[in-house]
> 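First the structure, then my questions, so here it is.
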Amino acid sequence: MDYNFIEIEKRWQQWWAAHKTFRAEADGKKPKYYVLDMFPYPSGAGLHVGHPLGYIASDIFSRYKRLKGFNVLHPMGYDAFGLPAEQYAIQTGQHPEKTTHDNVARYRRQLDRIGFSYDWDREFRTCDPDYYKWTQWAFLKMFGSWYDNRLQKARPIEELVAAFGSGGSAAVDAANNDAPVFSADEWKSFSDKEKADILMHYRIAYQGESTVNWCPALGTVLANDEVKDGYSERGGHPVFQKKMTQWQLRVSAYAGRLLDSLDRLDWTDSLKEMQRNWIGKSQGAEMVFRMECDGVAHDVTIFTTRADTVFGVTFMVLAPESEWVEKLTSASQKEAVDAYLEQVKKKTERERIAGKAVTGVFSGSYATNPLTGEKVPVWIAEYVLAGYGTGAIMAVPAHDSRDYAFAKKFDLPIVPLIEGADVSESSFDAKEGVMMNSGFLNGMTVKEAIPAAIDYVESHGLGRRKVNYRLRDAIFSRQRYWGEPFPIYFKDGIATPVPFDKLPLTLPEIDEYKPTEAGEPPLARAKDWTYDGYPLETSTMPGFAGSSAYYLRYMDPHNDKALVSREADEYWRSVDLYVGGTEHATGHLIYSRFWNKFLFDLGYVCEDEPFRKLINQGMIQGRSNFVYRIVNTNTFVSCGLKDRYETTEIHVDINIVRNDRLDIEAFKAWRPEFATAEFILEDGEYICGWAVEKMSKSMYNVVNPDQVCDTYGADTLRLYEMFLGPVEQSKPWDTKGIDGVNRFLKKVWRLFWDRENWLVTDEKPTADELKALHKLIGKEQEDIESFSYNTTVSAFMIALNDLQNCHKRAVLEPLLVLLSPFAPHITEELWHQLGNVDSITYAAFPEYHEEYTVENTVKYPVSFNGKTRFFLDVPADKAPAEVEALVRSHEMTPRYVGAQSIVKVIVVPGRIVNVVLK
RNA sequence: GCCCGAAUGGCGGAAUUGGUAGACGCGCUGGACUCAAAAUCCAGUGUCCCUUAAAGACGUGCCGGUUCGAGCCCGGCUUUGGGCACCA
């Protein structure tokens with residue numbers, strides 16, 4: 001009988017579905033294990049061979065854990081709200097729901113062919129109202145909460161209201177955005193609207209004005225992680241900085257906790273480092289400078305990490321968007337300042353970064369250095385960012401390169417503060433050296449001077465220690481259609497939550513998906529978009545809203561009373577293994593952690609971190625092929641000869657190229673313009689050029705997993721993707737080696753069947769066969785636990801070489817179990833042919849016995865002059881003299897001895913060997 | 001500019017973490033089977049010297065160091081991938 005993978009794979013996929021083999025249920029008797037893939041956005045292009053890489057790895061791990069006796073939760077679903085479906089809708093008028101539905105169906109078909117062990121009963125899409133009900137619920141919980149800096153946790157807003165009533169704004173230390181100061185009596189006298197406005201400054205989900213990334217081409221604002229180098233990540237459109245009122249999440253309140261608990265996570269160091277950079281903690285001080293403008297004094301707070309350099313301040317700088325700009329612009333400078341602000345506003349984010357042009361304007365006011373009493377000018381310049389620190393800085397050109405560039409351009413004084421620092425050509429930014437020109441700090445090193453300066457400032461009431469984070473609050477509204485509607489309506493101008501029992505607030509039907517003529521979001525087109533007669537919010541939530549708590553929903557996906565029941569949450573707790581790409585490091589993985597910590601604070605979940613262990617699978621790149629057309633002709637020249645002509649490089653579909661050799665007939669048929677093409681060949685063949693590039697439709701280098709399943713089968717695909725190299729590593733897709741893996745599976749089949757005979761016997765295995773088997777068991781356990789799947793596949797091949805002619809049931813049965821996580825279909829088939837009725841999934845992972853793999857030996861540590869150099873395996877019954885002879889004759893010994901000679905060899909029987917050298 | 005990571009045959013990649021470098025697979029060469037091809041099986045395959053073999057020398061991006069011993073540790077580079085980037 002032959003290995004008919006098409007038939008086998010179809011049969012067992014149906015069998016697993018019919019028997020719900022992978023259904024997970026909370027079961028207190030077994031230890032749980034939760035394995036999760038980052039769920040996909042179902043794009044129109046379908047899956048390519050790169051997508052399943054992580055899914056295969058996590059599926060192998062899930063199947064392995066099941067064999068090890070764990071109750072495994074391994075779900076899958078779709079991140080279905082998003083921009084592509086909406087843009088397609090704008091172009092074609094097709095409802096995004098329809099597009100999404102079709103794409104999901106296609107993804108599902110493709111996923112099913114690969115034989116994943118998902119519990120499909122738990123599937124959901126983030127655009128299902130039953131699901132986004134809980135996204136809206138979480139939003140309302142955030143709207144109804146504030147962050148207590150003292151307790152470092154979120155609390156219900158009612159408790160804040162109570163505190164205001166008894167002690168005014170001073171009663172709490174709460175995370176806020178520029179909240180006003182008031183007394184308890186004032187609070188009581190405020191109108192409802194005034195109270196609501198104040199509370200809005202404290203809510204964890206709040207509406208507030210801030211400088212946002214505005215993308216006119218997409219007609220929406222974007223979060224920081226959705227902007228790359230000044231362009232939108234989706235579509236690559238220019239982004240502008242603009243002050244706007246938007247919904248935001250107070251992620252910044254959690255910056256410290258997000259940073260600290262990174263240490264407890266089993267993630268790669270590089271990913272943790274990325275998050276640390278993104279959170280960007282910096283320790284320094286806030287200092288107050290008195291500034292005077294046309295005779296009026298203002299106390300302006302600045303942030304610095306170099307309090308030690310305060311004696312070298314020669315000017316101050318405000319960000320153009322700072323609220324101080326207006327108050328500190330003198331009448332005489334007003335015109336110049338206004339012109340400058342206008343000029344800054346017109347620039348895109350890209351131009352601000354890329355230009356690096358030094359620009360600025362004098363405000364007309366002066367500041368007093370609180371330590372020296374010296375007066376210095378106040379400038380306005382775009383190199384100072386409004387969103388970080390206080391939007392104002394003290395400039396020390398001698399020791400900060402940006403201040404230095406500014407001082408040079410505008411001819412401001414530069415005062416060096418560190419002995420020996422040469423500041424004639426550039427600033428001296430390093431935090432080292434000995435202070436001078438710095439009053440009481442003189443003679444100290446920089447490392448001593450920083451805390452000394454801050455201590456001085458604190459004790460004289462001029463400022464205080466302060467930790468700043470780069471992490472900003474997340475802009476949470478998008479001016480788009482295809483997202484979760486905000487369950488908020490505006491009653492007399494007060495943002496009011498839609499009651500919980502009215503959720504989900506479902507997305508209304510509209511006839512066009514574009515913004516309105518007036519520039520309002522698409523939802524403004526909906527008829528009667530009101531609640532209780534009041535207008536509803538017309539923005540929708542961003543893509544990350546639905547993906548921030550989806551791992552919790554999988555624990556209890558059909559619950560209509562809660563996001564997740566307490567019992568389900570306490571059983572499944574958090575994701576034990578999360579597999580996905582690094583591209584989510586500063587987006588989804590920050591937002592999810594924030595979201596989870598918030599729910600933890602309110603007692604809705606029992607773990608404060610969502611993803612215990614994280615593996616980042618690498619990208620699979622495409623291998624593109626090129627043909628070379630001679631300019632202005634329809635003649636194509638083979639790669640080796642292309643330098644003799646002037647040619648244009650054209651991507652050619654890799655499906656009509658084999659081993660870099662072009663199928664000329666297929667090429668002529670590929671596109672009408674090539675039907676009459678002529679060719680200049682090498683050795684009778686057309687050789688194509690090639691390059692490794694991103695796998696994409698436009699480069700004609702996409703390999704569809706369906707094709708691989710057709711030609712080789714899903715088991716080969718799974719095994720091959722793992723064999724390509726470490727899961728974490730990016731690598732180009734290359735089918736060169738796939739035959740070797742396929743050959744391996746055929747050989748496995750041949751252990752059971754030759755052409756027509758069943759070969760399996762009940763003979764007793766030999767010692768060598770057991771040794772090969774147990775070596776494999778040991779290796780596989782070790783490798784799977786450390787995600788070295790490529791070496792596990794190698795171990796299978798080695799074991800197979802050792803077991804070539806072994807048809808013994810006692811060896812083959814455990815072998816199938818070992819192989820089943822990697823190649824589930826072929827093993828399931830053979831497992832049943834061996835007479836087993838139930839799925840191999842329920843088998844037990846074979847136990848590893850060291851005695852089969854290691855001879856009965858003693859391990860002697862061999863040391864030279866007391867330092868252990870190597871271990872020698874010696875049969876246990878050897879006498880000391882024989883051991884000594886072995887050591888002396890050991891092939892490595894001369895190398896350890898080097899130029900010295902052996903004085904004597906001391907052997908402690910069964911324990912240790914020491915070689916004394918002279 | 002700053003912060004991580006990587007560099008090993010013709011190729012993808014191994015190496016028990018300081019102990020026989022190149023596992024396993026691909027490719028290539030030769031052979032068996034075949035009328036022939038495909039498939040399958042067997043053998044060989046880091047480089048140099050050599051008809052071949054033995055033996056030897058060299059060999060993990062470059063220079064130096066520690067060590068009896070370095071792909072692995074230390075110092076200094078080169079190339080390359082990724083992240084952050086007027087964050088005071």
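Because the structure is predicted, anything quoted here is derived from the model rather than measured. All values below come from the heavy atoms of this structure, side chains included, with hydrogens, waters and symmetry mates left out.
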> Any side-chain heavy atom of A:Val579 sitting closer than 4.5 Å to one from A:Met38?
no
> Does A:Asn801 place a side-chain N or O at less than 4.0 Å from the phosphate oxygens OP1/OP2 of B:rG25?
yes
> Can you check the A:Asp269 CG to B:rG5 P distance for me, whole Å?
8 Å
> Distance between the P atoms of B:rC3 and B:rA85, in whole angstroms?
16 Å
> Could you state the interatomic distance from CD1 (A:Ile60) to CE (A:Met722), rounded to the nearest 0.5 Å?
5.0 Å
> Please measure how far the P atom in B:rG71 lies from the corresponding atom in B:rA21, and state the result in whole Å.
8 Å
> With no hydrogens and no angle check, is any side-chain donor or acceptor of A:Asp308 less than 3.5 Å from a backbone partner on A:Val446?
no
> Checking all strands, does A:Arg743 fall into the base, sugar-phosphate, or nothing category for heavy-atom contacts under 4.0 angstrom?
sugar-phosphate
> B:rU78 and B:rC62: how far apart are their C1' atoms, nearest whole angstrom?
7 Å
> Just confirming the chi classification of B:rG9, syn or anti, using 90° around 0 as the syn window.
syn
> Tell me the interatomic distance from A:Ile590, atom CD1, to B:rC84, atom P, rounded to whole angstroms.
11 Å
> Calculate the interatomic distance between A:Leu724 atom CG and B:rG13 atom P; express it in whole Å.
8 Å
> Would you please confirm or rule out a distance under 4.0 Å between OP1 or OP2 of B:rA88 and any side-chain N or O of A:Tyr383?
no
> Looking across every strand, which nucleic acid part, if any, lies under 4.0 Å from A:Ile393 by heavy atom: base, sugar-phosphate, or nothing?
base
> B:rA6 phosphate, OP1 or OP2: any side-chain N/O from A:Gln729 under 4.0 angstrom?
no
> May I ask you to check if A:Arg470 and A:Trp278 form a cation-pi contact, with NZ or CZ under 6.0 angstrom from the six-membered ring centre and within 45° of the axis?
yes
> Using the C1' atom on both, measure B:rU40 against B:rG22 and round to a whole Å.
28 Å
> A:Asn790 side chain N/O closer than 4.0 Å to the phosphate oxygens (OP1, OP2) of B:rA14?
yes
> In residues 746-755 of chain A, what residues come within less than 4.0 Å of RNA chain B, judged by heavy atoms?
A:Lys747
> Specify the separation, in whole Å, of atom CH2 of A:Trp733 and atom P of B:rC26.
15 Å
> Counting any heavy atom closer than 4.0 Å, what does A:Gln804 reach on the DNA or RNA strands: base, sugar-phosphate only, or nothing?
sugar-phosphate
> Could you check how far OH of A:Tyr712 sits from C1' of B:rC26, rounded to whole Å?
12 Å
> Identify the two heavy atoms, one from A:Asn369 and one from A:Val313, that lie closest to each other, and give their separation to 0.1 Å.
ND2-CB, 3.9 Å
> Separation of A:Lys281 atom NZ from B:rA88 atom C1', in whole Å?
18 Å
> Between B:rG61 and B:rC84, how many Å separate the two C1' atoms, rounded to a whole number?
27 Å
> Please classify the glycosidic conformation of B:rU17 as syn (within 90° of 0) or anti (everything else).
syn
> If you find the nucleotide of RNA chain B closest to A:Pro726 and the one closest to A:Val741, which residue's nucleotide is nearer the 5' end?
A:Pro726
> Closest approach to the side chain of A:Tyr388, judged atom by atom: which nucleotide of B:rA14, B:rA85, B:rA88 is it?
B:rA88
> Could you spell out the base pairing of RNA chain B as a dot-bracket line? Use Watson-Crick and G-U wobble contacts where both distances are under 3.5 Å, [ ] for crossing pairs, | for partners on a different strand.
(((((((..(((......[....)))((((((.......))))))(((.......)))..(((((..]....))))))))))))....
> Side chains of A:Asp429 and A:Ser401: any donor to acceptor distance under 3.5 Å?
yes
> Which nucleotide in the list B:rG83, B:rC24, B:rC26 gets nearest to the side chain of A:Lys736?
B:rC26
> When the C1' atoms of B:rG9 and B:rA15 are compared, how many Å lie between them, rounded to an integer?
15 Å
> So, does A:Ser270 get its side chain near the phosphate of B:rG83, meaning an N or O under 4.0 Å from OP1 or OP2?
no
> Taking atom C1' of B:rA23 as reference, at what distance in whole Å does atom CG of A:Asp783 sit?
12 Å
> What is the minimum heavy-atom distance between A:Val396 and A:Asp403, and which atoms define it?
N-OD2, 2.9 Å
> Determine whether the aromatic ring centres of A:Trp379 and A:Phe406 lie less than 6.0 Å apart.
yes
> As a test of reading the structure: which of B:rC24, B:rG83, B:rC84 is closest to the side chain of A:Trp278, going by heavy atoms?
B:rC84
> Nearest to the side chain of A:Phe723 - B:rA88, B:rG12, B:rC84?
B:rG12
> Under 6.0 Å between ring centres, would you say that holds for A:Phe822 and A:Phe796?
yes
> Hey, which sits more toward the 5' end of RNA chain B by its nearest nucleotide, A:Glu273 or A:Asp739?
A:Glu273
> In whole Å, measure the gap between the P atoms of B:rC28 and B:rA37 for me.
16 Å
> Kindly point out which of B:rA15, B:rA88, B:rG13 is positioned nearest to the side chain of A:Thr791?
B:rA15
> What's A:Ser282 touching, base or sugar-phosphate or nothing? Going by heavy atoms closer than 4.0 Å.
sugar-phosphate
> Evaluate the criterion side chain to side chain donor-acceptor pair (under 3.5 Å) for residue pair A:Asn625 and A:Asn701; output intermediate values, then yes/no.
CA-CA 7 Å; A:Asn625 277 115; A:Asn701 60 2; over 6 Å; no
> For residues A:Tyr591 and A:His588, establish whether the separation of their ring centroids is below 6.0 Å.
no
> What is the distance, rounded to the nearest whole Å, between atom CE of A:Met394 and atom P of B:rA88?
12 Å
> Can you see whether A:Trp749 has A:Arg743 sitting over its ring - NZ or CZ less than 6.0 Å from the centre and within 45° of the normal?
no
> Rounding to an integer number of angstrom, what distance separates B:rU20 and B:rG46 when you compare their C1' atoms?
15 Å
